[in-house]
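Here is the structure we will look at.
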Amino acid sequence: MTRMTGPGWREPTLATLTDRRFSDEDWIYERKLDGVRAICVRDGGAPTLYSRNRKVMDNAYPEIVEALAAQGGPRFVADGEIVAFDGDQTSFAALQPRIHLTDPERARATGVRVYYYLFDLLYYDEQDTTPLALRERKSICATPSPSKTRSACPRTATPRARSTSREPAAAAGRA
């Protein structure tokens with residue numbers, strides 16, 4: 001890992017359109033989600049959610065910020081997707097009532113349960129993780145922190161237990 005001065009904005013890794021088909025056991029396949037891309041930055045204080053356009057989205061998704069604050073490490077940059085579901089499918093339409101809200105209470109009052117799926121860990125504990133292989137970056141999230149009571153990064157920041165095959169990095173919803 002490369003030493004950096006501190007966590008901050010990082011460009012998300014975006015999908016690349018190609019006509020080439022691939023079939024290789026070394027590829028990592030991830031579910032296609034229909035939501036809003038979010039970079040989460042935490043530098044010792046509260047986490048901040050940013051859109052791809054670097055706009056702060058904390059007020060639209062306060063439950064996710066709270067879940068990441070409770071379960072994530074003290075310094076990280078995570079790349080993920082905020083989604084809502086319609087049945088078993090992610091649904092941008094279901095998420096839309098929350099997207100442009102600037103009042104956290106109004107966001108909560110929509111009743112739309114939101115999830116944050118972590119794709120990548122771009123920075124952790126004063127280190128730029130991007131030179132590492134993706135599998136290695138994902139394994140950092142599975143490693144317990146020194147306290148052994150939480151994961152090293154926001155891998156499973158859920159405010160309450162929930163049995164699901166969706167496996168979000170952070171889930172938040174109605175109280």
Side-chain angles (χ1 to χ4, degrees), residues 1 4 6-16 27-58 60-85 88-92 94-95 98-99 112-145 147 149-173:
M1 290 190 279
M4 298 186 76
W9 170 260
R10 305 286 191 278
E11 290 290 330
T13 305
L14 302 176
T16 302
W27 280 86
I28 296 174
Y29 297 89
E30 294 181 320
R31 181 179 180 172
K32 165 68 173 98
L33 301 172
D34 194 11
V36 174
R37 196 61 171 265
I39 300 294
C40 182
V41 177
R42 186 172 195 186
D43 190 7
T48 301
L49 290 172
Y50 293 96
S51 71
R52 285 176 39 185
N53 299 325
R54 300 184 190 193
K55 298 200 184 314
V56 175
M57 301 187 298
D58 295 356
Y61 311 104
E63 308 96 326
I64 291 177
V65 174
E66 291 165 2
L68 290 167
Q71 304 259 338
R75 297 171 53 95
F76 62 85
V77 178
D79 179 8
E81 186 99 358
I82 297 171
V83 300
F85 282 84
D88 289 337
Q89 299 294 318
T90 58
S91 169
F92 189 75
L95 186 62
R98 303 265 318 239
I99 291 176
V112 175
R113 189 174 180 124
V114 293
Y115 300 83
Y116 181 61
Y117 280 79
L118 180 66
F119 296 139
D120 202 353
L121 181 66
L122 307 175
Y123 177 97
Y124 177 70
D125 195 26
E126 300 187 32
Q127 303 292 321
D128 176 4
T129 60
T130 58
L132 300 174
L134 178 59
R135 288 184 197 276
E136 193 170 348
R137 292 193 307 267
K138 288 182 181 285
S139 75
I140 293 170
C141 289
T143 304
S145 68
S147 70
T149 60
R150 62 169 78 170
S151 65
C153 72
R155 182 180 64 88
T156 55
T158 53
R160 55 184 155 171
R162 177 177 161 89
S163 173
T164 180
S165 61
R166 296 176 185 154
E167 300 179 22

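All of these numbers come straight from a predicted model, not from anything done at the bench.
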**Q.** Reported CG-to-CZ distance for the pair D79 and R52, which is rounded to 0.5 angstrom
**A.** 10.0 Å
Q: Kindly compute the distance separating CD1 (I39) from CG (L49), expressed to the nearest 0.5 Å.
A: 10.0 Å
Q: Tell me yes or no: between the side chains of R75 and Y123, is some donor less than 3.5 Å from an acceptor?
A: yes
Q) Which atoms form the tightest heavy-atom contact between G35 and V83, and what is the distance? A) CA-CG1, 4.0 Å
Q: Kindly compute the distance separating CG (L122) from CD (Q127), expressed to the nearest 0.5 Å.
A: 14.0 Å
(Q) In terms of relative ring orientation, are F85 and Y117 parallel, tilted or perpendicular, with 30° and 60° separating the classes? (A) tilted
Q. What distance separates S91 OG from L33 CG, expressed to the nearest 0.5 Å?
A. 12.0 Å
Q. From F76 CZ over to L68 CG, what is the distance, rounded to the nearest 0.5 angstrom?
A. 5.0 Å
(Q) Using every non-hydrogen atom in the two residues, find where P62 and R98 come nearest and quote the distance to one decimal. (A) CD-NH2, 3.7 Å
Q: State, to 0.1 Å, how close L118 and A78 come at their nearest heavy-atom pair, and which atoms those are.
A: CD1-CB, 3.2 Å
Q: Please name all residues satisfying salt bridge (Lys or Arg N to Asp or Glu O under 4.0 Å) with D58, sequence neighbours left out, ordered by chain then number.
A: none
Q.
Let me confirm one number: the OG1-CD distance from T129 to E136, rounded to the nearest 0.5 Å.
A. 9.5 Å
Q.
I'd like to know if the side chain of T130 pairs up with that of D128 as donor and acceptor (distance under 3.5 Å, no hydrogens or angles considered).
A. yes
Q: Could you tell me whether the side chain of Y116 and the main chain of A38 form a donor-acceptor pair under 3.5 Å?
A: yes
Q) Less than 4.5 Å apart, any side-chain heavy atom of Y124 and any of R137? A) no
Q.
Taking salt bridge (Lys or Arg N to Asp or Glu O under 4.0 Å) as the definition, give me every residue that meets it alongside E81, ordered by chain and number, with sequence neighbours left out.
A. none
Q.
Do M57 and I82 have side chains that approach each other closer than 4.5 Å (heavy atoms only, starting at C-beta)?
A. yes
